[in-house]
Amino acid sequence: MPQHCKSYNNYFGQFGGRYVAEVLRTPLDLLEEEFSAAMSDDRFWREFDTIGVQFVGRPTPLLFAENSSAALGGAQLYIKMEGLAHTGAHKINNAVGQALLARRMGKKRIIAETGAGQHGVATAAVCAKLGLECRVYMGEIDIRRQKPNVFWMQMYGAEVVPVASGSRTLKDAVNEALRDWAESFPDTHYLIGSALGPSPYPDMVREFQSVVGRETRQQTEALGLDVAALVACVGGGSNAIGFFAPYLEQAQPRLVGVEAGGTGDDPGRHAARMGGLGEPGIVQGYKSLFLLDEDGQVQPTHSISAGLDYPGIGPQLASLGASGRVEFRRARDQQALEAVRQFARNEGVVFALESAHGGAVALEIAAELQPHQAVVVNMSGRGDKDLFIMAGELDRAAWREFLLSEGDRL
Ligand SMILES: *Cc1c(COP(=O)(O)O)cnc(C)c1O
């Protein structure tokens with residue numbers, strides 16, 4: 001079994017593992033056992049698929065970006081429209097899978113961490129659907145920055161708990177969730193939002209997100225496309241690894257992960273861990289590549305897209321980068337914004353800022369290829385959630401006036 005395809009002894013090459021306090025060993029062992037039983041249980045997958053169709057809106061379409069392709073004169077560009085999934089992004093696939101697993105284990109309560117709030121919203125919606133109690137830990141600063149998502153989580157009946165420790169952002173929310181879980185695991189599942197964390201989370205999240213890759217494979221085969229490259233943005237890495245999963249054991253197509261290049265390569269100005277900027281480390285329960293300072297502490301990161309603004313990368317993608325099966329590129333903030341604008345005007349589709357990093361690089365790659373070839377980019381999310389950031393960047397004066405008048409009205 002190739003090392004990069006399935007974790008062996010909980011590792012992907014040198015990355016992965018399970019570096020946790022003693023008290024979390026038992027819940028992780030039990031989780032691994034149940035996960036592995038569920039993977040070969042047809043009933044489990046039938047339920048996952050039914051909720052996928054009825055609640056998530058699967059399969060998501062594969063759109064031919066006809067106008068962009070004609071303008072480029074290179075490969076035919078296709079967009080996997082994952083952003084049309086319920087709650088606006090791929091995160092719901094993993095939330096459904098893990099919540100079903102929790103229910104199978106007889107758990108009544110779900111806890112989750114969230115940074116920008118997208119994972120929190122997906123989790124809250126799924127818990128409402130499945131009748132599970134839901135508590136979401138969120139840094140105080142993120143709560144202030146991401147008010148609309150806090151509102152939606154509460155609308156779905158979740159309790160949003162402000163975290164006041166440390167930098168009051170995502171990493172502190174993870175620590176708080178782990179503390180909760182250490183005391184509550186007999187009736188509680190910790191639903192991690194990306195393909196990272198201690199084993200078995202990276203495997204579990206990949207399996208639930210690989211529905212994106214399986215559909216893409218069926219859709220491109222049905223059209224008879226000669227797929228030369230798949231492109232996806234990489235935060236923690238869940239949409240990318242799910243998109244790439246069916247192709248990992250073959251040499252083609254090219255698999256391209258796009259990280260947040262931010263405003264430059266200096267520390268603090270980006271969130272790119274690959275290409276020599278990250279270093280091996282062990283953070284929050286797993287070994288991978290992280291952005292660290294000279295003392296080995298996690299560095300601050302920057303990206304215009306909250307979902308890519310994270311110092312670590314999932315261990316399987318770190319390993320696939322080391323083996324060369326996945327190529328990594330960067331897109332800067334301004335390139336992502338420009339890609340949002342281009343796809344909106346040319347295709348009538350608004351990418352999430354995260355996904356637009358992949359969109360920007362997909363346009364470059366398609367331009368270098370031939371018309372008989374195809375490139376598919378995963379639009380991991382739609383851009384509705386980014387209204388405040390995009391309008392602030394692209395139409396600042398008018399947007400400011402609108403916000404002020406809204407404030408006056410209240
Ligand atoms: C959260 C998020 C991401 C980044 O997470 P991954 O685990 O790397 O996929 C990317 N796109 C969107 C739309 C997101 O909400």
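Only a predicted model underlies this, so the values are computations on that prediction, with no experimental measurement involved. Atoms within each ligand, like the ligands themselves, are counted from 1 in listed order. For the single chain, residues carry numbers from 1 onward in sequence order.
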Proximal ligand 1 atoms for Gln118, defined as those under 4.0 Å from one of its heavy atoms
15 (O)
N/O donor to acceptor pairs below 3.5 angstrom from side-chain atoms of residues 179-186, sequence neighbours left out:
unit_1 : atom_1 : unit_2 : atom_2 : d
Arg179 : NE     : Glu176 : OE2    : 3.4
Arg179 : NH2    : Glu176 : OE1    : 3.0
Asp180 : OD1    : Arg109 : NH1    : 3.2
Asp180 : OD1    : Ser184 : OG     : 2.7
Asp180 : OD2    : Arg109 : NH2    : 2.9
Asp180 : OD2    : Tyr137 : OH     : 2.6
Trp181 : NE1    : Thr188 : O      : 2.9
Ser184 : OG     : Asp180 : O      : 2.9

Atom 12 (C) of ligand 1: the protein heavy-atom neighbour that sits closest, reported with distance to 0.1 Å
Ser380 OG, 3.5 Å
Have Asn67 and Arg345 got a donor and an acceptor in their side chains that come within less than 3.5 Å?
no
Side chains of Gln209 and Lys91: any donor to acceptor distance under 3.5 Å?
no
Indicate whether any N or O donor in one side chain lies under 3.5 Å from an N or O acceptor in the other, for His90 and Ser238.
yes
Suppose I only count heavy atoms of Gly235 and a 4.0 Å limit; which atoms of ligand 1 are within that range?
8 (O)
A student checking ligand 1 against Gly381 at a 4.0 Å heavy-atom cut-off should list atoms 13 (C)
Element-labelled atoms of ligand 1 that are located less than 4.0 Å from some non-hydrogen atom of Ser194:
6 (P), 7 (O)
Got an N/O contact under 3.5 Å between Gly237 and ligand 1?
yes
With nothing but distance in play, are any N or O atoms of Gly236 less than 3.5 Å from an N or O of ligand 1?
yes
Does an N or O anywhere in Glu354 fall below 3.5 Å from an N or O of ligand 1?
no
Under the ring pair (Phe, Tyr, Trp, His ring centres under 6.0 Å) test, residues paired with Phe328 that sit two or more places apart
none
Provide, to 0.1 Å, the distance between atom 4 (C) of ligand 1 and the closest protein heavy atom, together with that atom's residue and name.
Gly307 O, 3.3 Å
Parallel, tilted or perpendicular, judged at 30° and 60°: which one describes the rings of Phe35 and Phe208?
perpendicular
Using 30° and 60° as the class boundaries, would you call the ring planes of Trp45 and Phe48 parallel, tilted or perpendicular?
perpendicular
Quick one: does any side-chain atom of Arg273 pair with a main-chain N or O of Gly312 as donor and acceptor, under 3.5 Å?
yes
Option whose closest heavy atom lies nearest to atom 14 (C) of ligand 1, chosen from Lys91, Lys385, Glu82, His119:
Lys91
Any N or O on His90 sitting closer than 3.5 Å to an N or O of ligand 1?
yes
